[in-house]
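None of these values were measured; they are calculated from a predicted model. A note on names: the letters A, B, ... follow the listed sequences, proteins ahead of strands, and every chain is numbered from 1.
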2 protein chains.
Amino acid sequence: MLKITRKVEYALIALRHMQNKDSQAITSTKEIAVMYDIPLELLAKTLQLMARGGIVDAVHGPNGGYKIKVNLENINMIEFFEKIEGPLGLMDCYFDSDCTLISACNIRSPIQKINDNMRNMFENMSVGEITQ
Amino acid sequence: MLKITRKVEYALIALRHMQNKDSQAITSTKEIAVMYDIPLELLAKTLQLMARGGIVDAVHGPNGGYKIKVNLENINMIEFFEKIEGPLGLMDCYFDSDCTLISACNIRSPIQKINDNMRNMFENMSVGEITQ
DNA sequence: AATATATCAGACTATATTGGTCGGATATTA
DNA sequence: TAATATCCGACCAATATAGTCTGATATATT
Ligand code: FES
Ligand code: FES
């Protein structure tokens with residue numbers, strides 16, 4: 001529990017890699033996959049998610065690839081996580097409320113407290129701060 | 001990702017329930033399972049983990065059950081999580097280091113930063129603070 | 001125009017983790 | 001001795017994550 005996924009990890013690896021190059025340099029999926037020994041297809045999907053989320057720009061065709069689009073200091077970890085993994089919460093009860101416990105549950109608001117603290121922490125943490 | 005498990009949730013429900021009773025009152029697994037509609041066997045295992053971890057005291061035999069043993073203000077969420085779920089970390093790389101990426105990995109220390117922040121947050125949060 | 005190479009997209013399978021069940025042992029009260 | 005509770009581990013089921021495959025679209029080079 002409280003684990004990060006491989007997809008998020010691969011995304012961070014890719015960003016950190018690109019950050020160490022000229023800001024206009026283009027990096028292909030294969031370059032990263034080979035260098036860090038990551039499954040190419042999975043990394044590809046991750047980069048596509050970041051492209052869709054506006055974090056990187058995609059360049060099609062031969063010699064294509066990706067480059068960082070935004071200032072990574074201006075994007076916080078919650079935004080980042082959610083672009084890649086969707087809604088973030090300690091429990092599912094906060095998204096779909098078909099939780100069978102919900103009627104009797106005595107810890108819904110207590111867990112909300114933990115959740116708020118966690119979100120708060122990640123909101124005050126920028127991607128750039130991590131990858132630099 | 002970054003989810004809490006049912007076991008942890010059931011543990012919190014149980015503690016919160018017991019906290020609202022006389023400190024010497026004994027609460028059986030069944031009482032909690034019925035009231036909150038939780039699978040009895042699973043809740044039982046959770047309470048056993050807490051007993052083993054010294055959070056609650058077990059009373060065997062008929063009319064037996066559990067009661068809270070320690071001051072919940074004096075136990076932080078990391079201790080609590082780890083008693084129930086074992087070692088806590090964003091990735092497995094920090095426990096067993098047979099991670100295939102480890103040689104080339106460029107984000108081991110960055111992720112360590114996130115990890116430290118998260119641990120720090122949970123260390124400064126007591127169980128009592130949550131359940132009260 | 002044809003070809004090669006890259007992103008894009010979704011369906012699919014494999015694996016790992018979590019959630020829940022079952023059977024039986026041990027302790028204790030009545 | 002019978003009833004009821006914790007204890008313990010093996011087991012199965014459900015879900016989530018990780019990874020694969022197939023094919024489409026875009027673009028640079030020949
Ligand atoms: S667990 Fe779903 S509401 Fe408390
Ligand atoms: S992922 Fe295991 S070390 Fe970076």
Side-chain angles (χ1 to χ4, degrees), chain A residues 1-11 13-14 26-34 36-53 55-67 69 81 84-92 95-96 98-101, chain B residues 1-11 13-14 26-34 36-53 55-67 69 81 84-92 95-96 98-101:
Chain A
M1 69 166 215
L2 292 173
K3 286 264 189 317
I4 251 175
T5 64
R6 285 285 188 192
K7 250 156 53 186
V8 163
E9 186 185 352
Y10 296 157
I13 290 179
I26 289 175
T27 308
S28 74
T29 307
K30 189 190 283 182
E31 175 182 329
I32 299 173
V34 167
Y36 300 99
D37 195 26
I38 295 173
L40 186 131
E41 300 294 340
L42 191 48
L43 174 62
K45 288 170 87 165
T46 308
L47 284 161
Q48 283 161 33
L49 286 170
M50 287 202 284
R52 220 179 291 173
I55 301 176
V56 298
D57 262 331
V59 179
H60 283 223
N63 305 319
Y66 299 90
K67 63 184 176 194
K69 184 178 183 182
F81 287 153
I84 292 170
E85 293 291 341
L88 185 68
L90 287 176
M91 327 224 33
D92 295 328
F95 313 124
D96 54 350
D98 57 353
C99 179
T100 56
L101 299 184
Chain B
M1 68 167 217
L2 293 173
K3 285 265 189 317
I4 252 176
T5 64
R6 285 286 189 190
K7 250 157 51 185
V8 164
E9 186 185 353
Y10 296 157
I13 289 180
I26 289 176
T27 309
S28 73
T29 307
K30 190 190 282 184
E31 175 182 329
I32 299 173
V34 166
Y36 301 99
D37 195 24
I38 295 173
L40 185 132
E41 300 294 339
L42 189 50
L43 174 62
K45 289 171 84 166
T46 307
L47 284 162
Q48 283 160 32
L49 286 171
M50 286 203 283
R52 220 180 291 172
I55 301 176
V56 297
D57 262 332
V59 179
H60 284 224
N63 305 319
Y66 300 90
K67 62 183 176 196
K69 184 180 185 183
F81 286 152
I84 291 169
E85 292 292 340
L88 185 67
L90 288 175
M91 328 226 30
D92 295 327
F95 314 123
D96 54 350
D98 57 352
C99 178
T100 57
L101 300 183

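Separating the CD1 atom in A:Ile4 from the CG atom in B:Leu90 is a distance of 4.5 Å, to the nearest 0.5 Å. Considering CD1 of B:Ile32 and CG of B:Asp37, their distance stands at 13.5 Å, rounded to 0.5 Å.
Rounded to an integer number of Å, the gap from CG of A:Asp57 to C1' of D:dA26 is 15 Å. Spacing between atom CG of A:Leu42 and atom C1' of D:dT17 amounts to 10 Å, rounded to whole angstrom units. To the nearest angstrom, P of D:dT4 lies 17 Å from CD1 of B:Ile26. Whole-Å rounding puts the B:Leu43 CG to C:dG20 C1' distance at 12 Å. Between the CD1 atom of A:Ile84 and the P atom of D:dT17 there is a distance of 14 Å, given to the nearest Å. Across the protein-nucleic acid pair, A:Leu49 atom CG and C:dG10 atom P stand 11 Å apart, rounded to whole Å.
Residue B:Tyr10 places at least one side-chain N or O closer than 4.0 Å to OP1 or OP2 of C:dG20.
A:Ile84 and A:Ala11 get closest at one heavy-atom pair: CD1-CB, 3.4 Å. The shortest non-hydrogen separation linking A:Leu47 to A:Ala14 is CD2-CB, 4.0 Å. Contact between B:Pro39 and B:Tyr10 at its shortest, heavy atoms only, is CD-OH, 3.9 Å. Minimum heavy-atom separation, B:Leu40 to B:Thr29: O-CG2, 3.8 Å. Of all heavy-atom pairs spanning A:Met1 and B:Glu85, the tightest one is SD-CG, 3.7 Å.
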- prompt: For every nucleotide of nucleotides 5-11 of chain D, 5' to 3': is a protein heavy atom under 4.0 Å from its base (B), only from its sugar-phosphate (S), or from neither (-)?
  reply: SSBB-B-
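Using modelled atom types, no side-chain atom of A:Lys67 and backbone atom of A:Ala58 make a donor-acceptor pair closer than 3.5 Å.
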Quick one: which protein N/O atoms are closer than 3.5 Å to N/O atoms of nucleotides 16-18 of chain C? Pair and distance per line, please.
| residue | atom | partner | partner atom | Å |
| --- | --- | --- | --- | --- |
| C:dT18 | OP1 | A:Met1 | N | 2.8 |

